Amino acid sequence: MSDDDDLEAEVRELRDEVDALHTRITALESALDTDPPPSTEDEAASTAVESDTVEAKSGSPDGSEPAPETSETADSDTPPDERNWERDIGMKWLGGVGGLALVVGVVFFIRLAIEAGYLGPLGRVLTGTAGGPVLLASGRYAAERQGYDRWGRLVAGTGLAIAYFSVYAAYGFESYRTAIGTPLWTVLLALTVLVAATAALSVRDHAPAVAGEAFLLGYVTAYVGLDASTFVVSPAYVVLLTAGLVTIAAVRPWSRLVLGSVLPAYVLHIAWLETVEPPESVAAAVLVATFAIYAAGVYALRASDRTDRWHRRLVDATTGLNAVFAAVLLERTVPNLVPTAPDGVAVGAVGLALGGVYAVTESRLGQRDSAAGVLAVALLAVSVVLAADPFLATVGLLLLLSGALVVGSRRNAGAVRLGGHLVAVGTVAKLLAVDATRLPAFSLADPLATAMGRPAAYLLSIAVFYALARWSGGVSATVPATEREFSVATPYTWTATGLAVVLLGLELSGAGLSVAWAVLGLAFVGVGLALDDRSRRLQGVVVLGLVTTKVFLYDTQGLDTLARTLSFLVLGGILLVASYAYARWQGEEPLRRLSG
């Protein structure tokens, strides 16, 4: 046999093997599509194929869903130099914009049909309601049967959105409502069915893109229909959309979809309040329902098996946006509903609700909603500022600050402690920006005003800050970026000293201020030497440096001869006393003492 004959024989054998493999693959694909009972001979092969399919979908050998959703995070996990930007633009962005343009086109077509007399209202609604599912089915067929996954899901989402709009128009537009006589319950029921269908299909198909586009275009539908809506349909529709997303989150932890819906949902609430001007009770009820739905969604996302950092950040951002929007809008609505309610009551109520969320996540899930804990303390602080006059607001902030630090330390609640630290920063900012100018200064002629004036506010704050510094002397905190630890007492002691310097600067001037600062600096140096406290010694040195700078740069030019002379004499004497005290304190081993 020649070499050519051998080669031809080998080629024939390879062709036979390829044909056999092709026949086997076709049989396996047919078995997977029709799902017949496996025969004894093919049972092992079918089991292997099913196992591979489950692992490909779940990304884990045991078939459980991975912590991060592959379909949601695949693009972001791909290195930038390996991503196909042309594919993303051609399929994702062009398809998404095309879907949006198609929905908007349907909206304008319906308006044109109204003006030109095409199809009656019932015919338009039925056309859109039937056409939407056709697009949905076509998109799912293209994704599942033909392999055009991304494009097919965009088309499916567009079909759902068109169906949303058509059903919404049956009652949301007054002319349609009058011509068709559609009952409200029918429209709400149909919208509920559509939202449920969207949730079920997106979960079944592992397709966050379908849910994302459908719900986004659903919000667009609600916005387009605001000019003709009643005070019932628009908010009910938005609440249904939000509840649908949260339902999906309970099954698939697609945190990006939930976060992405917060802004359009609350913007629609704002537009609805401005356009329709509903009764205050209805507006408050809708806002409370929306806040509660998103709180439940955050709980469901935290209860999922997904624990990656990106997921946690998205969930924290959802908590923050939900709380801020709800607090602002409820604070605007509640005073009109209850005229006697004090300012800040709605913000405080949202803060208390977040405190409850923080406690529930700790007890039920074994984890703490850090964003809820921090925001609970922060919103309570805002409510105190809104409800009280400047002096009482400062007192309330100091009480809240102390309570947050004590509770956070005893229950080891880091989020509550962090919220307390933020309240401390806000309290200092209020003292400097508000209390320094709005509260009355010290006056012997008006003791009552002095007792609730600027000196009292500052002295009370200084005392609380020093007390908290002493109470938390052994507590340390870690800087996240550097992993370095520092004493919590240090910033509180330095802040209290700074407030004392500011208070003297507000109440005194000229040589009197220089003398007061010099005495204060000497007192800190003396206490620091007596207690061997380096922090207090450094605070005294800083204050003495400040007064020295003032005396040499300002007092020499801005004061008369007598005041200038007094400033220099007092400063010189105090600096000499401080220097002598340092010399006696150092003893025989000054380097060792100073380095301690």
Side-chain angles (χ1 to χ4, degrees), residues 235 266 269-270 272-274 277-292 294-295 319-359 371-408 416 419-440 448-454 456-458 460-461 464:
Y266 278 106
H269 281 308
I270 296 173
W272 171 63
L273 293 172
E274 295 292 337
E277 297 183 357
E280 303 296 339
S281 58
V282 176
V286 170
L287 290 172
V288 169
T290 304
F291 172 78
Y294 276 117
T319 298
L321 279 179
N322 183 37
V324 170
F325 274 114
V328 172
L329 294 179
L330 283 172
E331 186 62 30
R332 169 189 171 183
T333 304
V334 168
N336 297 327
L337 179 62
V338 185
T340 58
D343 294 337
V345 63
V347 177
V350 174
L352 291 175
L354 289 178
V357 170
Y358 182 76
V374 173
L375 284 171
V377 180
L379 290 178
L380 288 175
V382 172
S383 68
V384 169
V385 173
L386 293 175
D389 61 62
F391 179 79
L392 293 180
T394 300
V395 175
L397 290 176
L398 293 174
L399 291 174
L400 180 62
L401 162 62
S402 303
L405 294 185
V406 171
V407 172
V416 176
H421 297 326
L422 293 178
V423 173
V425 174
T427 303
V428 173
K430 179 181 178 296
L431 288 168
L432 298 177
V434 178
D435 295 2
T437 56
R438 293 183 57 184
L439 291 179
L448 181 60
T450 301
M452 298 185 63
R454 182 171 62 196
Y458 271 79
L460 182 61
S461 301
V464 170

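Small disclaimer: the values here were computed from a predicted structure and weren't measured.
Taking Ala388 as the reference, Leu392, Ala393 meet the side chain to side chain contact (heavy atoms under 4.5 Å, CB included) condition, with sequence neighbours excluded. Val385 pairs by the side chain to side chain contact (heavy atoms under 4.5 Å, CB included) definition with Leu397, not counting sequence neighbours. Partners of Arg438 according to the salt bridge (charged side-chain N to carboxylate O under 4.0 Å, His left out) rule, which considers only residues two or more places apart in sequence or in another chain, do not exist here. When the side chain to side chain contact (heavy atoms under 4.5 Å, CB included) test is applied to Val338, the partners found at least two apart in sequence or on another chain are Thr340, Ala341. Scored by the side-chain hydrogen bond (donor to acceptor under 3.5 Å, both in side chains) test, Ser383 finds no partners at all (sequence neighbours excluded). Not counting sequence neighbours, the partners of Val374 by the side chain to side chain contact (heavy atoms under 4.5 Å, CB included) test are Ala415, Leu418, Leu422. Here Phe391 pairs with nothing under the ring-ring contact (aromatic ring centres under 6.0 Å, His included) rule; sequence neighbours left out.
Note: Leu354 CG to Thr319 OG1 = 7.5 Å, rounded to the nearest 0.5 Å. Atoms OG1 and CG, from Thr394 and Leu401 in turn, are 12.0 Å apart once rounded to the nearest 0.5 Å.
Proximity of a side-chain donor or acceptor of Asp435 to a complementary backbone N or O of Arg454 within less than 3.5 Å is not detected.
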* For Leu405 and His421, run side-chain contact (heavy atoms from CB on, under 4.5 Å): C-alpha distance rounded to whole Å, both residues' side-chain angles, the deciding distance at 0.1 Å, then the answer. => CA-CA 8 Å; Leu405 294 185; His421 297 326; 3.5 Å; yes
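For residues 342-351, no residue pair satisfies the side chain to side chain donor-acceptor pair (under 3.5 Å) rule, not counting sequence neighbours. Among pairs with a residue in residues 329-339, those fulfilling side chain to side chain donor-acceptor pair (under 3.5 Å) read Glu274-Arg332, at least two apart in sequence or across chains. Listed by first then second residue, pairs satisfying salt bridge (charged side-chain N to carboxylate O under 4.0 Å, His left out) with a partner in residues 394-408 number zero, not counting sequence neighbours. Identified under the side chain to side chain donor-acceptor pair (under 3.5 Å) test for residues 398-407, with sequence neighbours left out: none. The ring pair (Phe, Tyr, Trp, His ring centres under 6.0 Å) analysis of residues 320-341, with sequence neighbours excluded, yields the pairs Tyr266-Phe325.
Pairing each heavy atom of Phe291 with each of Ala326, the nearest pair is CD1-CB, 3.6 Å. Closest approach of Ala376 and Gly355 over heavy atoms only: CB-N, 3.6 Å. Val350 and Ala327 get closest at one heavy-atom pair: CG2-CA, 3.9 Å. For Leu386 against Val347, the heavy-atom pair with the smallest separation is CD1-CG2, 4.3 Å. Shortest non-hydrogen contact noted between Leu439 and Pro390 is CD2-CB, 3.8 Å. Considering every non-hydrogen atom in both Ala404 and Gly420, the closest pair reads CB-CA, 3.8 Å.
Considering only heavy atoms from C-beta on, Thr290 comes within 4.5 Å of Val286 through its side chain. Side-chain contact between Tyr358 and Leu375 is absent, with no heavy atoms from C-beta onward closer than 4.5 Å.
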